[in-house]
Each structure stands twice: as structure tokens, then as C-alpha cells.
Amino acid sequence: TLYLVPDEDQKPVTIGGSKIGGAPDLPLDWDHPENIQDHYYVFHAQLNCEDLAPYQNYLPRKGMLYFFVNDEEYAQAPKVLYSPQAQALRRWVYEETAQFTDPDFDEEDYQYRAIGLTPKSGLSVPALYNASNHGAERHPQYAALFDSEAAADEDRVEALTAITEALSEKVHTPLDIPYKNHRVRAHSVNSYVFTQHESPQEQAAARFGGEPSEWMVLLSLESIGQFCFWDAGTLTYCIHKKDLAIQDFFTIHASIDSS
């Protein structure tokens, strides 16, 4: 997993740097994504792929990735844009009369405040929360265990959950990231996302096809600081691994998962 830790000092982010919030640094010949009413899509983050290249081997090695969504309640129309180059960029300036596709979006809350992101390599462990309902489909090799109604098997599932949570705490601790409720409080790529119901990968496969294992988290945004999705949940962009391999970012699934 690639973790993206928000900078605590909130120093200004240089043009072309990885960040969350603020306004995008777009190529000179690009316009900001809008809908047919000329309302701006909500900008969430940009990632400088060259800066992240030493930490993983699945994202493009150079260029910029930009993440937008139409609203922060249903996230039905996400947009991920990719520019092969990260030079000759201009920082978009929102006019005072700017309107956004999310009518409830308060740009004053965080839209003008960018926070830099520091990459860290780490591990991500699946959460077994609600395994009694979704364990068999997520881990088919153990379907008989999760589907069993035997008391002994229920005890085994509880023990497995406790072990998994302990393992999560163990592998996340070296990241030096504030840790709470067995979740790393950092944004992430190629991670397991805590969810009470279907995982983001399961939701993506249900909508666009394929198996959940064929989809991966392209970016998961945690409710940190001024960012809050539903009741301190996560907003996750997923992509099919084959699309990522050919750098095709047209088909993207976004979901908001409650904590």
C-alpha cells in the first residue's frame, strides 16, 4: 500500500506537487472539468506520479493524476484525469461567482486550502468487520467457515477477527501515523478500505463487471482535518487493474463508505 500522509505544517504546496484540496494545477491547454451547466466538479486531489514512483510499481511513472467528483454524498460521477507531463502547469483560480456541481459543497471550508502529501510505503490488512455477512464472498477459500452456523466456527471467526486487528496494528505502527480504530488515518492507494457493508472493489465489480479482486483502490480519502465524508467515512476511487495497466482512466467507480 502507498500511504499519503497529510503535511502537518500546512506549508504552501508548490505547483505540480501532490496535494489534497485547494485548486488543481492543470496543463496550460486544459480547462477545469465542468458539467453541462458550467458548474465545476469538486476537486479532491492531485498526485505527481514521478514523486510516487519509488514507492510502488503500478501507477504511471511520470505525469499527473487529478481526482474530481460531482458531489460528496453519492459520488455518482467521478472523474480521474491523467496528464503524461507534470511541467508547464497553471494553478486554477476560482472566481468569486464559481458554482460547483455539488450544491451543498462549501468551497470556503477547504477548497482554497491545499495540504501537501508525503508518500510512505506500508502494508494494508483486510478488515473482517461484518464478516458474518460478507466474509464468504470476500474470502471464498474460507466460505465454509464464514457460512457455518456452528458455535465452534463462530468462535473461530471471532478469534480470526481479533488476530487480524492485532496484525493491522502491528504492521501500521511503523508508519508513525496516528492510529485509531484499526485504521490508518492517512489517504492511501492500493489499500483495504474499512467498510460496514460491501467494499469499494465489490461495489465497482457489481456496477461495471469483473471480480472484486480485479479492481483496486486508486485513491482512498479519509476524513481528516477539514475533509469529512458522511460521518467521518472515506471516499474511494476504484479502477480496474487492466485499465490502470494501459493508463485508461475513463471507467472509474467512486463510493463513500461510512465509518
Side-chain angles (χ1 to χ4, degrees), residues 1-4 44-45 47 55-60 65 67-70 72-80 82 121-148 153 156-158 160-161 163-165 167-168 171-172 181-184 186-223 229-230 233-259:
T1 293
L2 168 64
Y3 289 107
L4 303 168
H44 277 140
L47 302 181
Y55 301 90
Q56 46 71 43
N57 60 3
Y58 36 82
L59 296 179
L65 282 170
F67 295 82
F68 301 85
V69 76
N70 63 322
E72 291 187 335
E73 183 163 357
Y74 300 105
Q76 295 173 325
K79 287 184 181 292
V80 174
Y82 173 62
S121 295
L123 298 176
S124 181
V125 177
L128 292 186
Y129 182 90
N130 205 12
S132 59
N133 291 323
H134 297 286
E137 61 196 61
R138 293 176 186 166
H139 311 285
Q141 67 271 41
Y142 303 115
L145 176 63
F146 286 113
D147 288 340
S148 175
D153 285 340
R156 291 174 64 193
V157 171
E158 286 188 12
L160 179 60
T161 301
I163 292 171
T164 303
E165 290 178 350
L167 176 62
S168 296
V171 300
H172 291 156
N181 296 332
H182 302 290
R183 287 194 296 159
V184 171
H187 313 299
S188 58
V189 180
N190 194 30
S191 57
Y192 290 103
V193 176
F194 176 86
T195 177
Q196 299 189 49
H197 305 290
E198 291 83 0
S199 69
Q201 294 94 324
E202 289 166 341
Q203 296 177 53
R207 179 175 180 183
F208 292 114
E211 297 295 326
S213 60
E214 296 172 350
W215 291 80
M216 66 166 278
V217 170
L218 187 60
L219 178 63
S220 184
L221 300 175
E222 289 274 359
S223 292
F229 307 107
W230 285 358
T234 56
L235 191 156
T236 303
Y237 297 78
C238 281
I239 189 171
H240 197 281
K241 293 176 182 178
K242 288 185 177 179
D243 288 339
L244 179 59
I246 61 174
Q247 300 180 8
D248 181 351
F249 297 95
F250 181 78
T251 303
I252 298 291
H253 184 270
S255 59
I256 299 177
D257 297 277
S258 170
S259 61

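Excluded from the calculations below are hydrogen atoms, water molecules and symmetry mates; all remaining heavy atoms, backbone and side chain alike, are included.
- A distance of 9.5 Å separates CG of Asn70 from NZ of Lys79, quoted to the nearest 0.5 Å.
- Of the possible donor and acceptor atoms, one in the side chain of His187 sits under 3.5 Å from a partner among the backbone N and O of Glu222.
- Summarising the geometry of Ile252 relative to Phe208, their closest heavy-atom pair is O-CE1, 3.9 Å, with the distance given to 0.1 Å.
- Between Ile256 and Tyr74 there is no side-chain heavy-atom pair separated by less than 4.5 Å.
- Of all heavy-atom pairs spanning Ser255 and Gln203, the tightest one is CB-OE1, 3.3 Å.
- Between Ala205 and Trp215, the closest heavy-atom pair is CA-NE1, 3.8 Å.
- Counting heavy atoms from C-beta on, the side chains of Tyr3 and Ser124 come closer than 4.5 Å.
- With values rounded to the nearest 0.5 angstrom, Gln201 atom CD is found 9.0 Å from Met216 atom CE.
- Take Arg207 and apply the salt bridge (Lys or Arg N to Asp or Glu O under 4.0 Å) test, not counting sequence neighbours, and it matches no residue.
- In this structure, Leu59 CG and Leu2 CG are separated by 7.0 Å, a value rounded to the nearest 0.5 Å.
- The side-chain heavy atoms of Phe250 and Asp243, taken from C-beta on, include no pair separated by under 4.5 Å.
- No side-chain heavy atom of Tyr82 sits less than 4.5 Å from a side-chain heavy atom of Asp248.
- Looking only at side-chain heavy atoms (C-beta outward), Leu235 and His44 come within less than 4.5 Å of each other.
- Heavy-atom minimum distance, Lys241 versus Ser213: NZ-O, 2.8 Å.
- With hydrogens and angles ignored, the 3.5 Å screen pairs no side-chain donor or acceptor of Ser148 with any backbone N or O of Ala144.
- Taking the side chain as every heavy atom from C-beta outward, Val80 and Phe68 never approach each other to under 4.5 Å.
- With contacts defined as side-chain heavy-atom distances shorter than 4.5 Å, the pair Asp257/Phe194 does not qualify.
- To the nearest 0.5 Å, atom CG of residue Asn190 and atom OG of residue Ser220 are 11.5 Å apart.
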Item to check | Thr1 vs Leu123, side-chain contact (heavy atoms from CB on, under 4.5 Å): CA-CA, chis, key distance, verdict | outcome: CA-CA 5 Å; Thr1 293; Leu123 298 176; 6.0 Å; no
Next on the checklist: Assess the residue pair Thr164 and Val125 against the criterion (side-chain contact (heavy atoms from CB on, under 4.5 Å)); give the C-alpha distance rounded to whole Å, side-chain angles, the decisive distance to 0.1 Å, and a yes or no.
Outcome noted: CA-CA 7 Å; Thr164 303; Val125 177; 3.5 Å; yes
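- Scanning for salt bridge (Lys or Arg N to Asp or Glu O under 4.0 Å) contacts around Asp153 gives Arg156, with sequence neighbours left out.
- Shortest non-hydrogen contact noted between Val217 and Ser188 is CG1-O, 4.2 Å.
- Pro200 pairs in a side chain to side chain contact (heavy atoms under 4.5 Å, CB included) with only one of the listed residues (Thr234, Leu218, Thr236), which is Thr236.
- Phe146 and Leu160 get closest at one heavy-atom pair: CZ-CD2, 4.3 Å.
- Partners of Glu202 under the salt bridge (Lys or Arg N to Asp or Glu O under 4.0 Å) rule, at least two apart in sequence or in another chain, are Arg138.
- In this structure, CG in Leu65 is found 11.5 Å from OH in Tyr237, a value given to the nearest 0.5 Å.
- Atom CZ of residue Phe249 and atom NE2 of residue His240 lie 14.0 Å apart, to the nearest 0.5 angstrom.
- Side-chain contact between Val189 and Leu4 is present, with heavy atoms from C-beta onward closer than 4.5 Å.
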